[in-house]
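Heads up: the structure comes next, in structure tokens.
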Amino acid sequence: MAWVRVLISACFALSSLVLARENDAKLYLVSVKADTAQQRSQIADVGVALDGIFSDSVTFIGTDADINRVHQLGFALERTELPERMVDDFPSSDNAFHNYAETNAVLDQLVSQHPDIVSKHVIGQSVEGRDINGIRISSSAAVDALPTAIFIGCHHAREHLSVEVPLMLAQYLVAQYDSNPRVKEMVDTREIWVVPMLNPDGAEYDISSGSYKWWRKNRRQNSGSSYGVDLNRNYGKGFGGPGSSSSPNSDTYHGPSAFSEPETAAVRDFVRARNKTTVLLSFHTFSELVLWPWGHTEDLISDAKDRSVFETMGRKMASWNRYTPQKSSDLYVASGDTTDWAYDELKIFAFTFELSPSSLFGGGFYPGASAIQPTFTENLEPTLYLIENAADPYGVLNADVTDPLGIL
Ligand code: 0X9
Ligand code: ZN
């Protein structure tokens with residue numbers, strides 16, 4: 001079938017791939033015939049992490065055991081073995097990506113560049129004991145006193161572009177502060193927090209032992225040779241529900257209990273303490289989507305006004321980055337993600353962006369260094385919009401009266 005051939009050649013064109021994971025189970029690129037959200041949710045529910053969503057199919061990276069579980073549901077599927085290519089740290093062509101040390105160096109550099117508006121904070125430690133660093137950008141000395149926007153990258157290890165975009169946002173704000181009145185106004189009247197690499201253990205593991213490993217989870221040792229909890233299934237709202245797995249080997253393993261992982265517990269405690277937070281954005285890759293709650297259920301948010309804020313903001317941001325705006329569960333139902341928890345517990349308008357590329361054909365999780373700048377550029381206006389509207393997210397409803405079709 002033509003679509004399978006295209007998929008296979010796209011797979012081999014991917015920049016850097018690996019054959020085996022911890023327990024030496026071979027990894028495959030798997031394509032499954034499925035064309036409805038309900039079918040996608042059914043597939044996600046067996047514990048695979050769907051990464052490519054097409055009109056008539058979905059793809060995931062998985063083992064033979066994953067393939068069998070999907071096959072047992074009666075879906076037609078094709079599998080392609082992933083070719084191996086060794087790398088050392090980021091491959092030289094991907095040098096522009098920041099590993100853990102380089103990310104921290106950028107944060108330190110920002111502090112020394114503009115210590116009056118930037119400060120570095122450790123929000124917690126990873127499973128392997130790395131500091132999880134964040135920076136606060138604000139000219140106000142009073143902490144937690146101004147409307148607050150939070151940006152988080154890299155819940156998922158292999159999604160390296162999700163580190164770069166928030167890092168560049170921080171660099172942009174600091175570099176522009178002295179000369180750009182719009183940025184100065186934001187930094188003077190808001191607290192902006194950026195945590196670019198929430199999952200440093202996973203991100204380092206994905207790149208630093210000789211090959212890209214397609215690693216998604218953190219590096220918790222579950223038992224024996226099984227490692228990792230899916231941090232985007234470990235939050236408290238709907239924990240353990242559909243679209244998350246109780247099997248430690250699964251890529252969507254939710255962990256033994258909500259917030260069992262130090263990385264998600266760090267986010268929970270950090271966000272709770274930033275009690276003026278109204279907006280939050282969790283960066284992921286890939287598929288070019290703007291997503292909002294709920295994700296753990298197909299139900300709509302019951303508060304109609306909040307729902308309108310999510311829809312209005314989501315569509316507005318999508319008009320700039322040209323991504324597809326939708327409720328998370330319209331993609332597939334998945335329980336325990338960041339945004340469901342942040343909205344449920346703290347009523348924060350929390351979004352997930354699935355950054356570029358749009359599909360595996362553009363390089364999937366490893367799109368190459370040339371993706372960094374354009375992906376940042378197209379997401380700059382959406383992120384500035386979130387910061388500006390942090391003072392009164394409900395204000396977007398009034399703004400929309402003059403622009404009912406969201407054209408402006
Ligand atoms: O599955 C995820 O955690 C996110 N996609 S990714 O490919 N980056 O892993 C999407 C989360 C969206 N939330 C829900 N569908 N609940
Ligand atoms: Zn992700």
Side-chain angles (χ1 to χ4, degrees), residues 37 41 144 146-152 155 186 189-193 232-233 235-239 241-243 258 264 267-268 270-284 289-321 323-354 379 381-408:
S41 295
D144 300 329
L146 292 173
T148 299
I150 297 176
F151 299 91
I152 304 175
H155 274 74
M186 286 180 215
T189 60
R190 305 280 184 275
E191 282 189 45
I192 303 153
W193 287 86
N232 215 29
R233 299 292 182 277
Y235 287 83
K237 180 62 179 173
F239 175 82
T264 51
V267 172
R268 177 197 59 199
F270 167 72
V271 178
R272 279 181 182 165
R274 311 276 79 75
N275 52 42
K276 297 269 184 195
T277 306
T278 54
V279 293
L280 183 152
L281 175 51
S282 178
F283 291 99
H284 287 252
L289 304 169
V290 173
L291 303 173
W292 57 81
W294 298 120
H296 71 288
T297 170
E298 283 165 6
D299 291 350
L300 294 168
I301 287 167
S302 55
D303 185 312
K305 205 168 167 192
D306 287 1
R307 201 165 67 232
S308 294
V309 171
F310 272 117
E311 289 170 356
T312 304
M313 285 185 139
R315 286 177 189 147
K316 193 68 170 177
M317 291 191 287
S319 75
W320 288 307
N321 62 13
Y323 293 179
T324 302
Q326 60 188 175
K327 176 167 64 98
S328 292
S329 52
D330 288 345
L331 184 64
Y332 46 79
V333 173
S335 305
D337 80 7
T338 316
T339 62
D340 278 12
W341 164 76
Y343 173 67
D344 178 63
E345 182 177 313
L346 301 163
K347 291 294 166 279
I348 292 169
F349 290 101
F351 292 86
T352 301
F353 279 10
E354 296 280 4
N379 282 289
E381 192 56 38
T383 50
L384 299 182
Y385 168 85
L386 279 181
I387 295 168
E388 288 181 326
N389 284 288
D392 175 23
Y394 293 97
V396 303
L397 299 179
N398 306 329
D400 223 43
V401 171
T402 53
D403 178 25
L405 298 177
I407 291 167
L408 297 177

Sidechain-backbone polar pair: R272 side chain, L346 backbone, donor-acceptor under 3.5 Å: no

Has the side chain of T264 got a donor or acceptor atom that lies under 3.5 Å from a matching backbone atom of Y235? no

Output for pair (L397 CG, E311 CD), nearest 0.5 Å, gives 10.0 Å

For R233 and G243 the tightest heavy-atom approach is NE-O, 2.9 Å

I'd like to check the side-chain hydrogen bond (donor to acceptor under 3.5 Å, both in side chains) partners of W294; sequence neighbours left out, ordered by chain and number. none

Would you indicate whether the side-chain heavy atoms of Q326 and L291 approach each other to under 4.5 Å? yes

Distance-only, no hydrogens or angles: does the S41 side chain make a donor-acceptor pair with backbone N or O of V333 under 3.5 Å? yes

Are P382 and F351 packed together at the side-chain level, in the sense that at least one heavy-atom pair is separated by less than 4.5 angstrom? no

Closest non-hydrogen contact found for H155 with N232 is CD2-OD1, 4.2 Å

Within-4.5 Å side-chain heavy-atom neighbours: P147 and R190: yes

Please report the interatomic distance OG1(T352) to CD1(I152), rounded to the nearest 0.5 Å. 10.0 Å

Has the side chain of D344 got a donor or acceptor atom that lies under 3.5 Å from a matching backbone atom of K237? no

For E388, the salt bridge (charged side-chain N to carboxylate O under 4.0 Å, His left out) test, sequence neighbours excluded, returns R182

Nearest-0.5 Å distance that lies between atom NZ in K316 and atom CG in N389: 10.0 Å

Partners passing salt bridge (charged side-chain N to carboxylate O under 4.0 Å, His left out) against R268 (at least two apart in sequence or in another chain): none

Quick check with a 6.0 Å cut-off and a 45 degree axis cone: is K347 positioned over the face of Y343's six-membered ring? yes

Using 30° and 60° as the class limits, which term best fits the ring planes of W193 and F270: parallel, tilted or perpendicular? perpendicular

Mind checking what makes ring-ring contact (aromatic ring centres under 6.0 Å, His included) contact with F349, not counting sequence neighbours? F310, Y394

pair W292-D306: side-chain heavy atoms closer than 4.5 Å: no

Applying ring-ring contact (aromatic ring centres under 6.0 Å, His included), can you list everything that pairs with Y332, at least two apart in sequence or on another chain? none

Check the side chains of D340 and H296 for a donor-acceptor pair under 3.5 angstrom, ignoring hydrogens and angles. yes

Contact summary for T278 and A390, nearest pair of heavy atoms: OG1-O, 2.7 Å

Could you give the distance from CZ (R274) to CD1 (I348), rounded to the nearest 0.5 Å? 11.0 Å

Identify the heavy atoms of P293 and I301 that sit nearest to each other, and give their distance. O-CD1, 3.5 Å

Side-chain touch V309/V396, heavy atoms, less than 4.5 angstrom: yes

Taking all atoms of both residues into account, what is the closest heavy-atom pair of G314 and P325, and its distance? O-CB, 3.9 Å

Inter-residue atom distance S308.OG - M313.CE, 0.5 Å rounding: 12.5 Å

Any side-chain heavy atom of K276 within less than 4.5 Å of one from L146? no

Backbone of D144 reached by a side-chain donor or acceptor of E191 within 3.5 Å: yes

Taken in chain and number order and not counting sequence neighbours, the residues that satisfy salt bridge (charged side-chain N to carboxylate O under 4.0 Å, His left out) with D303 are none

Please determine, by modelled atom types, if N379 and N321 share a side-chain donor-acceptor pair under 3.5 angstrom. yes

Smallest heavy-atom separation, G238 atom then S335 atom, equals O-CB, 3.1 Å

Side chain of T324, backbone of L289: donor and acceptor closer than 3.5 Å? no

